[in-house]
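I have placed the structure first, in the form of structure tokens, so that the comments after it can refer back to it.
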Amino acid sequence: MKNSAKQNELLDLADQLRWELGDTIHDSLMQTVYEDASRIAGRAVTLPAEKPRLQWDKFLDRLLTSRWTGFPVMFLILMSVFWLTITGANIPSGWIADLLVDTLHPWLKTASLSIGFPWWLSGFLFDGMYLAAAWVISVMLPPMAIFFPLFTILEDFGYLPRVAFNLDALFRKSGAHGKQALTMAMGYGCNAAGIIATRIIDSPRERLIAIITNNFSLCNGRWPTQILIASLFIGTLVPPALGGFVSALSVVGVALLGVALTFVTSWFLSRSVLKGTPSSFSLELPPYRPPRIWQTLYTSLVDRTLFVLWRAVVFAFPAGALIWLMANFQISGISLAEYLIQWFNPFGLLIGLNGVILLAYVIAIPANEIVVPTILMLTVLSAKMTGMGAGAGVMFELDDMQAYQQVFQAGGWTLMTALNLMLFSLVHNPCSTTIYTIFKETGSRRWTLVSTFLPVVMGFLLTFFVTQFWRLISML
Amino acid sequence: MIHPFYALLIAVFFLIGTFFVFSPGKGLLGRIQRYKRIQDHICREDILKHLYENERQDKKSSLHSMAGALNISTERTADLIQELQHTGLIQLQNDHYILSAEGRDYALKMIRIHRLYELYLSEQTGVPEAAWHTHAEIAEHEITPEQAEAISDQLGNPRYDPHGDPIPSADGFLPPNRGLWLTDWPENEIGRIIQIEDEPVNVYNIIREKDIQLGIQIEQVRREQEYLKLIANGRKVTLPLIAAGNIRAEVLKQAAPITDPPARLRDLQSGEQGVVIALSQNLRGSERRRLMDLGVTPGTIIRNELVSAFGDPVAYNIRGAAIALRHTQANLIYVKKLGAEYEAAS
């Protein structure tokens with residue numbers, strides 16, 4: 001009894017003393033912890049004399065972060081990474097497509113029919129599910145297998161934090177974190193990987209901004225669409241000698257518009273919905289070190305490339321199935337896809353696209369890679385073209401430009417349609433792999449919905465205004 | 001197909017309409033929220049708070065003072081007062097109203113929620129300082145006592161809010177004020193600011209403009225007519241009496257006078273070193289903890305290591321690691337510059 005009375009007395013005293021301690025007690029505790037730790041470390045640890053290596057570090061830092069040399073070097077390095085990725089990926093992409101699409105697909109079809117599969121089962125399995133997954137792998141795997149290791153090597157060397165350091169001033173003005181430069185660059189490879197990379201941003205508000213705006217980095221599933229449409233419609237506006245240059249320029253223009261939208265959207269988000277989210281800044285500049293090539297190759301291939309590819313393939317199977325079913329499931333002689341195209345058409349035309357493109361974007365939510373093959377298949381289907389493609393629900397690509405133009409003409413495309421498609425390909429909802437990744441990373445339905453619907457609404461507005469102004473001006 | 005001119009017109013009207021509904025504060029949604037704020041139960045609670053504040057400052061509360069403070073008509077105030085008298089929360093004494101024991105309890109519970117919520121906003125969210133009070137004014141009517149206890153637990157059962165006001169305990173205990181009002185300050189004492197009233201807002205803004213914060217050292221306080229002259233953190237400051245009367249400080253027994261305003265980390269030129277003296281109290285929440293985790297504590301030696309291409313941020317050498325900080329952060333860290341001889345000696 002006596003003990004508990006004493007205890008209570010003590011607790012009361014502690015309670016009373018807490019009022020007198022004020023609110024700086026935690027700071028003081030922290031300070032003494034550090035003082036003790038550095039005293040002990042000072043006694044026990046001997047530091048080697050400053051090595052010449054640090055001089056080399058200092059020289060590199062001056063070169064890479066000075067105003068006059070920093071930006072040209074950054075530009076050169078990033079451009080060569082992109083160039084290596086785009087040109088280097090073409091060849092293995094072709095091989096994989098040859099193997100999976102041109103060789104294995106017909107073989108699977110014949111084999112399945114010869115062992116007695118009904119036509120609908122082999123169509124559903126191989127024209128639908130298999131073909132979609134094969135397409136995703138052949139377009140997605142090679143660029144990622146080149147881009148991610150290169151990027152990881154730069155990161156491992158210690159260069160990427162310097163890029164964030166240099167560019168932070170720009171991002172600060174839009175309420176974002178300098179490290180967003182890195183997640184953006186990663187997004188050019190794949191948005192899902194870019195969103196996983198936002199883990200490096202430890203401030204909650206800036207991380208959400210980076211996640212929501214990553215979609216404005218054109219991912220490698222969208223580059224081929226941009227390049228194809230630009231060379232078909234914009235490159236042909238000028239003499240053939242200039243065609244390649246002008247279409248490249250227009251693709252770069254779209255990518256730069258993406259950068260501008262990233263800044264504008266970041267600015268808007270940090271001043272509206274994300275105003276109350278906590279924010280802090282710190283950026284460590286690690287010492288330079290020789291990159292560990294083999295380890296880098298392993299981690300970037302396994303952690304990034306295969307991880308993302310696996311998710312994409314998992315989503316591609318149901319998408320392929322859906323595409324095939326829509327094209328083959330008929331109600332009184334008209335396929336489901338055609339009904340939907342009719343239904344989407346009025347809104348599609350209002351924003352300068354058409355029902356085929358909108359339907360393609362809806363069923364290609366699982367992967368942007370299959371947008372163009374789906375558009376081709378649906379156009380052929382709805383325009384009742386013959387001698388083109390391989391049947392209802394079978395996605396295909398074409399070999400020469402004239403064949404493309406023939407299909408698009410049949411679909412009623414104009415220069416305006418092409419421009420709007422390029423814009424909408426930049427500004428629309430993320431693919432389902434990315435949406436799922438956003439949900440995994442944020443753990444929040446709300447932010448997943450915002451990141452999904454904000455870009456779609458922006459895309460609709462952008463294409464709507466471009467279309468209506470275009471029509472208004474061409475009337476004058 | 002619809003004529004593009006009409007299409008554009010309809011779209012622009014649609015966008016303007018959306019803006020009117022959703023624009024923060026001024027939009028339709030904002031207006032509805034504000035309208036809710038003058039509902040009866042909220043006004044009743046505000047009357048209790050008003051009475052409590054007046055009693056603490058030995059001021060008398062009349063019908064008119066309450067109607068004025070709440071910005072509602074005297075008729076409505078009279079109705080509300082009558083209801084409060086019926087429920088036994090307030091009483092009429094001579095010509096003014098006072099709180100009953102239950103009424104005081106009720107008011108303290110609300111003040112507890114208000115201050116806890118302000119602390120929560122300052123520590124765990126990015127809501128700017130100017131908006132804390134407004135948010136807390138709404139939250140105090142909505143947060144239940146159970147939620148308040150959860151917030152208190154989450155914050156480690158704090159005793160003071162971000163303005164240095166004590167937070168009443170859950171059983172309604174509020175300690176007597178610490179320190180003295182600056183207007184009563186003895187001229188030759190050195191002290192430390194421990195409390196700044198955040199109401200009324202315009203007076204609080206004067207104090208903020210003069211860069212007076214919690215935790216800074218004050219000395220040589222002299223009264224000159226309508227003003228109070230003092231040295232705050234080595235800097236000469238002139239404060240209107242109305243502002244000085246909203247600041248409390250406690251006496252520091254063993255403190256050396258600060259003759260010059262201390263340098264900030266931001267003032268270090270490339271290659272210069274400084275030793276950290278203090279972190280400003282305006283460095284809060286996750287930002288403060290992050291810096292302290294990195295080892296930015298009083299006594300740490302920091303060197304300006306590398307300036308980025310645009311000049312901001314700057315990388316500092318903190319305990320052997322190069323950490324880039326922005327100017328806004330480096331401005332909140334006070335340092336003492338170490339000269340060249342220090343570099344030679346080490």
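These figures come from a predicted structure and were not determined experimentally.
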What option among [options] has the most heavy-atom pairs under 4.5 Å with chain A?
options: B:G215, B:P158, B:P298; result: B:P298
options: B:P128, B:A315, B:G164; result: B:A315
options: B:I194, B:T328, B:V307; result: B:V307
options: B:L294, B:L306, B:L325, B:V314; result: B:L306
options: B:L8, B:I2, B:V12, B:N157; result: B:L8

Check: Based on non-hydrogen pairs under 4.5 Å, which of A:R471, A:R172, A:R62 is most in contact with chain B?
Finding: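 Looking at each option in turn, the highest pair count goes to A:R172.
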Notebook entry, point to check: chain B: which of A:R205, A:M475, A:Q16 shares the most heavy-atom pairs with it under 4.5 Å?
Noted result: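 Most pairs with chain B among the choices: A:M475.
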Return the [atom1] to [atom2] distance between [X] and [Y], rounded to the nearest 0.5 Å.
X: B:R326; Y: A:S280; atom1: CZ; atom2: OG; value: 9.5 Å
X: A:L285; Y: B:I323; atom1: CG; atom2: CD1; value: 8.0 Å
X: B:L291; Y: A:F281; atom1: CG; atom2: CZ; value: 11.0 Å

Pick one of side chain, backbone, both or neither for [X], based on which atoms fall under 4.5 Å of a heavy atom in chain A.
X: B:E250; answer: neither
X: B:I318; answer: neither
X: B:I167; answer: backbone
X: B:Q124; answer: backbone
X: B:R192; answer: side chain
X: B:E123; answer: neither

For [X], does the [atom1] atom have more than 12 heavy-atom neighbours from other residues, nucleotides or ligands under 6.0 Å away?
X: B:F173; atom1: CZ; value: yes
X: A:W19; atom1: CH2; value: yes
X: B:H3; atom1: NE2; value: yes

Sub-4.5 Å side-chain heavy-atom contact between [X] and [Y]:
X: B:R178; Y: A:E20; result: no
X: A:M30; Y: B:D293; result: yes
X: A:D15; Y: B:R159; result: yes
X: B:S308; Y: A:T65; result: no

Is it the backbone or the side chain of [X] that comes under 4.5 Å from a heavy atom of chain B, or both, or neither?
X: A:D202; value: side chain
X: A:R18; value: both
X: A:E35; value: side chain
X: A:S38; value: side chain
X: A:L461; value: side chain
X: A:L350; value: side chain
X: A:R162; value: neither

Item checked: B:R290 side chain to A:S282 side chain, donor-acceptor N/O pair below 3.5 angstrom ->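 There is such a pair between these side chains.
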Next item on the list: For A:N166 and B:A309, work out which heavy atoms get closest and say how close.
Entry: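 Closest approach of A:N166 to B:A309: OD1-N, 3.3 Å.
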Item checked: Verdict with reasoning, B:L279 to A:D27, per side-chain contact (heavy atoms from CB on, under 4.5 Å) -> CA-CA 9 Å; B:L279 275 67; A:D27 283 14; 5.5 Å; no
Notebook entry, point to check: Partners of B:H133 by ring-ring contact (aromatic ring centres under 6.0 Å, His included), sequence neighbours excluded?
Noted result: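 Testing B:H133 for ring-ring contact (aromatic ring centres under 6.0 Å, His included), a comparison that skips the adjacent residues, returns B:H114.
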Next item on the list: From the options A:F171, A:F71, A:F165, select the one residue that forms a ring pair (Phe, Tyr, Trp, His ring centres under 6.0 Å) with B:F310.
Entry: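 So, applying the ring pair (Phe, Tyr, Trp, His ring centres under 6.0 Å) to B:F310 and each of A:F171, A:F71, A:F165, only A:F71 qualifies.
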